[in-house]
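Scroll down for the structure; my scribbles are underneath it.
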Amino acid sequence: MLEHESSWPPKDLYTTGWVTGFFWHPDTRADTAPGILEYEPKHAINLALMDSVTRDERERMHREALGRTPVLHGVTADGTPLTLIDGLGPTTNRIYRDIGTPGATSRVTQETYRFNKALIGAHITTPAADGFSSGRVTFSDLTTWISESPFTEERGHDPLRLTATAQPSPSITCRIPACDATMRIDGALDTAFAAGGPPRWLYTPYIDVTPDRPQPLDWYQQTASDLRMLIAFCTFSTTGITGCSLRHDSAMERVSVLWLTWADPPTAVVRTDQCPVTLPVIRAHVDTFFNDWFVLVEQVRPALELLNAVLYGGLGISTFSFLALTQAIERFHDTLYPATLEPRLDFRQHRRSILKAIPAEIPDRVRTALCSAIGDANRYSLRDRLNALTADLGPLQSILGDHPADGMKAIVAARNDLTHRATAPVPRRQVSGYARRLEILLLAHIYKRLGVNDEAIRRGLAGLTLSLRFLGQP
């Protein structure tokens with residue numbers, strides 16, 4: 001189980017770690033058991049106890065049958081409080097004494113649990129209901145997105161010298177009415193010492209989120225995930241949440257949070273000049289930028305998550321990705337644009353007239369099919385949606401290629417071939433080109449919804465547009 005050296009607390013949400021300590025149920029503090037807690041980012045937060053934390057046999061059997069443990073408390077060997085949340089278990093191992101004789105007894109020798117979240121630094125009895133007053137989140141590519149270094153260099157030639165100074169960038173505070181919260185982008189300077197070498201300055205930018213009233217842990221986790229998705233769209237990288245800490249009335253210091261990531265650690269290294277939308281681009285309207293993002297997420301979360309999975313979830317360009325993007329287009333258009341071509345009342349009046357005109361001698365199965373087709377006639381088809389979204393880009397639609405309308409027609413035909421018709425498979429190169437065109441279309445609309453101007457969008461998507469031309473070659 002423990003094949004690596006102890007690293008506790010883990011330096012980020014992608015690093016494993018383990019620690020020893022004592023653990024107990026919040027309501028039975030006297031029943032304490034020693035154990036080992038191990039954090040595995042893609043699997044679980046595992047707890048192996050050397051004894052039971054429930055001495056009462058009836059209560060222990062009830063908890064074992066229930067199969068869930070909402071909260072356990074603990075303390076590490078160095079005295080750090082722990083709160084383990086949302087657990088499965090216990091799973092119990094026993095040894096039996098005097099088997100085969102009357103009055104045989106058993107004793108619990110080990111209990112194991114699997115938790116989804118852990119708080120480091122406080123004992124909180126009801127973390128699902130208790131509110132945290134503020135949160136701080138760090139991301140792997142936030143420095144690149146901010147695009148402003150706190151370090152400056154001065155070079156001299158007589159005598160030859162290099163002087164570096166560090167000055168944190170001014171913080172940015174904005175109001176987010178969509179979340180009833182205030183957000184602050186700031187950073188911290190620190191030093192790191194290497195063996196035998198001079199100290200190094202480290203700059204760690206972060207985002208503080210302070211809701212108007214205390215919020216539970218799940219609220220902060222969702223907010224951090226939404227911000228991670230925004231930074232990923234802005235940097236074209238597999239951005240990861242590297243850390244999260246919360247403030248709670250019961251703790252003097254910030255409480256660090258661990259939760260399962262279900263993803264590989266971010267590996268892509270991006271440069272500022274490769275980011276389509278950096279902080280300097282939206283600085284003039286940073287308040288509306290973030291607020292519009294959270295409004296958009298609430299409106300079309302499924303479409304955004306599908307796009308995020310295709311771009312940064314390791315799916316790559318495939319038939320599955322292409323079909324997922326067509327679903328994202330339909331959800332995006334259905335939610336943000338009128339879902340019908342004509343007013344519903346007018347369409348119903350026309351539909352009644354058409355249905356009455358169907359000859360009586362037509363077979364029932366044909367009549368049923370006609371009624372169904374007529375009922376759906378007032379909804380946009382995929383081609384209608386693609387054409388509407390393309391036209392809405394105005395002059396910016398040139399980023400979709402030389403002939404956008406023909407490209408959208410080919411996308412519809414490919415979708416139909418893959419889902420409705422038993423035809424020859426669509427060549428992979430064509431599927432890749434169609435998927436890339438849909439990615440550009442969705443990203444352009446997302447940026448426009450966030451107030452990014454057309455020139456910045458064109459410049460930011462230039463790399464994807466160039467690859468589209470490559471994929472379009474025979």
Side-chain angles (χ1 to χ4, degrees), residues 1-97 99 104-128 217 221 243-245 251 255-265:
M1 177 180 177
L2 303 177
E3 298 179 354
H4 50 82
E5 295 183 359
S6 176
S7 173
W8 191 267
K11 65 179 182 179
D12 56 44
L13 296 180
Y14 302 93
T15 303
T16 59
W18 62 269
V19 69
T20 59
F22 290 88
F23 302 86
W24 61 89
H25 282 285
D27 54 348
T28 54
R29 178 65 174 85
D31 296 343
T32 301
I36 300 175
L37 180 69
E38 184 178 22
Y39 174 65
E40 298 181 81
K42 296 179 64 177
H43 298 92
I45 302 173
N46 298 303
L47 175 64
L49 298 178
M50 300 301 105
D51 201 346
S52 175
V53 290
T54 308
R55 302 291 192 268
D56 183 89
E57 184 69 11
R58 181 176 298 179
E59 179 65 18
R60 189 202 57 72
M61 293 180 66
H62 170 72
R63 286 174 172 169
E64 186 174 352
L66 187 63
R68 298 195 65 83
T69 301
V71 178
L72 276 186
H73 285 173
V75 60
T76 65
D78 64 358
T80 303
L82 297 171
T83 300
L84 308 178
I85 308 168
D86 191 15
L88 296 176
T91 300
T92 304
N93 296 327
R94 297 167 168 269
I95 60 171
Y96 289 85
R97 297 176 178 175
I99 296 178
T105 60
S106 67
R107 181 173 65 87
V108 174
T109 59
Q110 187 181 59
E111 282 185 345
T112 57
Y113 298 82
R114 295 172 67 89
F115 291 91
N116 288 324
K117 305 180 188 74
L119 302 177
I120 305 173
H123 290 146
I124 299 175
T125 305
T126 56
L217 174 59
Q221 186 174 2
C244 179
S245 61
V255 179
S256 299
V257 185
L258 294 177
W259 64 67
L260 303 183
T261 58
W262 307 110
D264 293 323

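Quick note: residue numbers are just sequence positions, from 1. Atom set for the values below is all heavy atoms of this structure, side chains included, hydrogens, waters and symmetry mates excluded. Computed from a predicted model, the values in this text were never measured in an experiment.
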Drop me the distance from [X]'s [atom1] to [Y]'s [atom2], to the nearest 0.5 angstrom.
| X | Y | atom1 | atom2 | answer |
| --- | --- | --- | --- | --- |
| N116 | L258 | CG | CG | 12.0 Å |
| M50 | I36 | CE | CD1 | 5.5 Å |
| I45 | W259 | CD1 | CH2 | 11.0 Å |
| E38 | T20 | CD | OG1 | 12.5 Å |

Pair H25, L72 - check side-chain contact (heavy atoms from CB on, under 4.5 Å), show working.
CA-CA 5 Å; H25 282 285; L72 276 186; 3.4 Å; yes
Taking the side chain as C-beta and beyond, is there a heavy-atom pair between [X] and [Y] under 4.5 Å?
| X | Y | value |
| --- | --- | --- |
| L47 | T112 | no |
| L217 | I124 | no |
| V71 | T125 | no |

Atom of [X], atom of [Y] and distance for their closest heavy-atom approach:
| X | Y | answer |
| --- | --- | --- |
| A33 | L49 | O-CD2, 4.0 Å |
| E40 | T16 | CA-CG2, 4.3 Å |
| F115 | G87 | CD2-CA, 3.4 Å |
| P9 | I120 | CB-CD1, 3.8 Å |

Show, in sequence, the C-alpha distance, side-chain angles and deciding distance for Y39 and L13, and conclude whether the side-chain contact (heavy atoms from CB on, under 4.5 Å) test is met.
CA-CA 9 Å; Y39 174 65; L13 296 180; 4.0 Å; yes
Full working for side-chain contact (heavy atoms from CB on, under 4.5 Å) between L84 and L37:
CA-CA 10 Å; L84 308 178; L37 180 69; 3.8 Å; yes
Which class fits the ring pair H123 and W24: parallel under 30°, tilted 30 to 60°, perpendicular over 60°?
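H123 vs W24 ring planes: perpendicular.
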Please list, chain by chain and in numerical order, all residues satisfying side-chain contact (heavy atoms from CB on, under 4.5 Å) with T76, sequence neighbours excluded.
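In terms of side-chain contact (heavy atoms from CB on, under 4.5 Å), with neighbours along the sequence ignored, T76 is linked to W8, V19, D78, T80, L82.
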Those residues that, when tested against S245, pass side-chain contact (heavy atoms from CB on, under 4.5 Å) (two or more places apart):
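By the side-chain contact (heavy atoms from CB on, under 4.5 Å) rule, S245 matches R136, R254.
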Can you sort out the partners of T15 under side-chain hydrogen bond (donor to acceptor under 3.5 Å, both in side chains), two or more places apart, ordered by chain and number?
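Listed in chain order: D12.
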Tell me, please, which residues at least two apart from F23 pass ring pair (Phe, Tyr, Trp, His ring centres under 6.0 Å).
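For F23, no residue satisfies ring pair (Phe, Tyr, Trp, His ring centres under 6.0 Å) once neighbours in sequence are set aside.
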